[in-house]
2 protein chains.
Amino acid sequence: MAASRSKAKAAETEAAPAAETKRDAAATRERILVAATQEFADKGYDGARVDEIIRVSQVNKNSLYHYFGSKEQLFTAVLERVYENIRARQSDLSIRSMSPEEGMRTLVEFTARIWEEVPEYNRLLASENLHEARHVRQSERIVPMYNPLLATICELLKRGEEAGVFRGGIDPVDLYISITALSAHYISHRHTFEAIFKTELMTPARLEQRRRHAADMILRYLKA
Amino acid sequence: MAASRSKAKAAETEAAPAAETKRDAAATRERILVAATQEFADKGYDGARVDEIIRVSQVNKNSLYHYFGSKEQLFTAVLERVYENIRARQSDLSIRSMSPEEGMRTLVEFTARIWEEVPEYNRLLASENLHEARHVRQSERIVPMYNPLLATICELLKRGEEAGVFRGGIDPVDLYISITALSAHYISHRHTFEAIFKTELMTPARLEQRRRHAADMILRYLKA
DNA sequence: TGTTTATAACTAACCAGTTAGATAATCGGT
DNA sequence: ACCGATTATCTAACTGGTTAGTTATAAACA
């Protein structure tokens, strides 16, 4: 709400720390990004409405276009934040200090938790793939971002193989895609699955069962 | 096609077989459905344009609304065709006559081939899930359709367990979702994966590797 | 003073769905 | 067979509301 106090000129003694200042580029940008993330995740790129984003973020339309240029570039900025956030979560894991099996299980379960806790990411990526990754490819920040994760997987595979607990000859890209697929597809396609199988898939107990299922499947696949 | 030749009147000598007759409800409906499937798959529900569907199908706008009522109902009709087609492919397999392992591998590889050969289906389902399965739930024909497939999986699990080649305690819904996930997610998210991993994922050789990867993962998971 | 940030009103294109009516097939009665 | 009424299919032009993006202007700051 942020009473947009005009008052103006000197007058304002500004005793109170001015809970909200009148002009704050960074905060405005951030409000737009938060609202845009929600709107794009709710409706997909094509369903999302710029007018709804400015309504929720309480920002003028021209401000949005001033900061982001176009709906497309705004979507790209949203995706960049999403990828950054996913990478930050995944690299927080200190997997290097774990045994290969423990590390791999942690990685799978943590990846699963991302989709559960931030389902918006899943929806944004689904929408982006419907557009053939047009925005991801436009971004210079996203593409280099996933190297560290693939490196982690390679390192786990190598350590596991040396320790004799994992088989050799595993393709790390296939493995990464499968780790993601087993948890992300469950979440992203839950609505059609729930309609068809007439079961509840999003209860805490069911989600835990799914996480274990995914981790078991990956570990059994790797086991020597 | 079935040239419903007017004849009638008299005048019309009808020498040439009149390659295209003027009025054919079934053919018109079908042309609309074909064009709509493509358009909805290309652009998603929100991105798809009714005007583009009528342009491609060479049908008048009011005919489309006469046959299908609304864009939503047209999308539902498209989904019904898609689910019918998927089920028809999957139930064509005569898995009952195979060993449990052979049957399961066939099921996984055949499911993978569906997404490869008809990528439109994948995209339509992704769009539908962004809309929380609104249209699938509206359809009375889709929901009962998947019972036979789940029954096939249960039957394979039971036979495999009795033969001592599969473990017990496998959740058939989790298994079905994983079979789908391992192949569908690879296809549906290939654009972002290709952008990030800088590899080509859709070459015939790469697809074959992926099918084997998926089948191996499922079978190792089930192995006693 | 000049630059950055904000606002409201505007526009040109777009889009799902409608209206009003034409043209072709069908059928009942003769 | 033939006619006229009825129905099914098709067409073009229109409508009312929506949408991404712009313009013109003013206020806040350095």
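Letters A, B, ... are given to chains in the order of the sequence lines, protein chains preceding strands, and every chain is numbered from 1. It should be emphasised that the depicted structure is a prediction, and the values quoted were computed from it without experimental measurement.
- One interatomic measurement links the two molecules: CG of A:Leu64 to P of C:dT5, which rounds to 14 Å at whole-angstrom precision.
- Under the ring pair (Phe, Tyr, Trp, His ring centres under 6.0 Å) criterion, the residue pairs touching residues 104-132 of chain A are A:Tyr45-A:His131, with sequence neighbours excluded.
- The interatomic distance linking A:Tyr67 (OH) with D:dG21 (P) rounds to 18 Å, in whole Å.
- A:His191 is linked by a side-chain hydrogen bond (donor to acceptor under 3.5 Å, both in side chains) to nothing, counting only residues two or more places apart in sequence or in another chain.
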Practice prompt. Give the B/S/- string for nucleotides 9-16 of chain C, one per nucleotide from 5' to 3', where a protein heavy atom under 4.0 Å of the base yields B, of only the sugar-phosphate yields S, and otherwise -.
Written response: ------SB
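- For A:Thr28, counting side-chain heavy atoms from C-beta on, the closest listed nucleotide (C:dT5, C:dA6, D:dC10) is C:dA6.
- Between B:Arg105 and B:Glu109 there is a salt bridge, since a side-chain N of the basic residue sits under 4.0 Å from a carboxylate O of the acidic one.
- Aromatic ring centroids of A:Tyr221 and B:His213 lie under 6.0 Å apart.
- Atom CD of A:Glu72 and atom P of D:dA20 are 11 Å apart (whole Å).
- Formation of a donor-acceptor pair under 3.5 Å by the B:Arg190 side chain with backbone atoms of B:Ile187 is found in this model.
- What separates CD1 of B:Ile54 from C1' of D:dA12 is a distance of 11 Å, to the nearest Å.
- Separating the NE2 atom of B:His66 from the C1' atom of C:dT19 is a distance of 15 Å, rounded to the nearest angstrom.
- Atom CD1 in A:Ile32 sits about 11 Å away from atom C1' in C:dA6, given to the nearest Å.
- Side-chain contact between A:Ile177 and B:Leu201: present, with at least one pair of heavy atoms (C-beta onward) separated by less than 4.5 Å.
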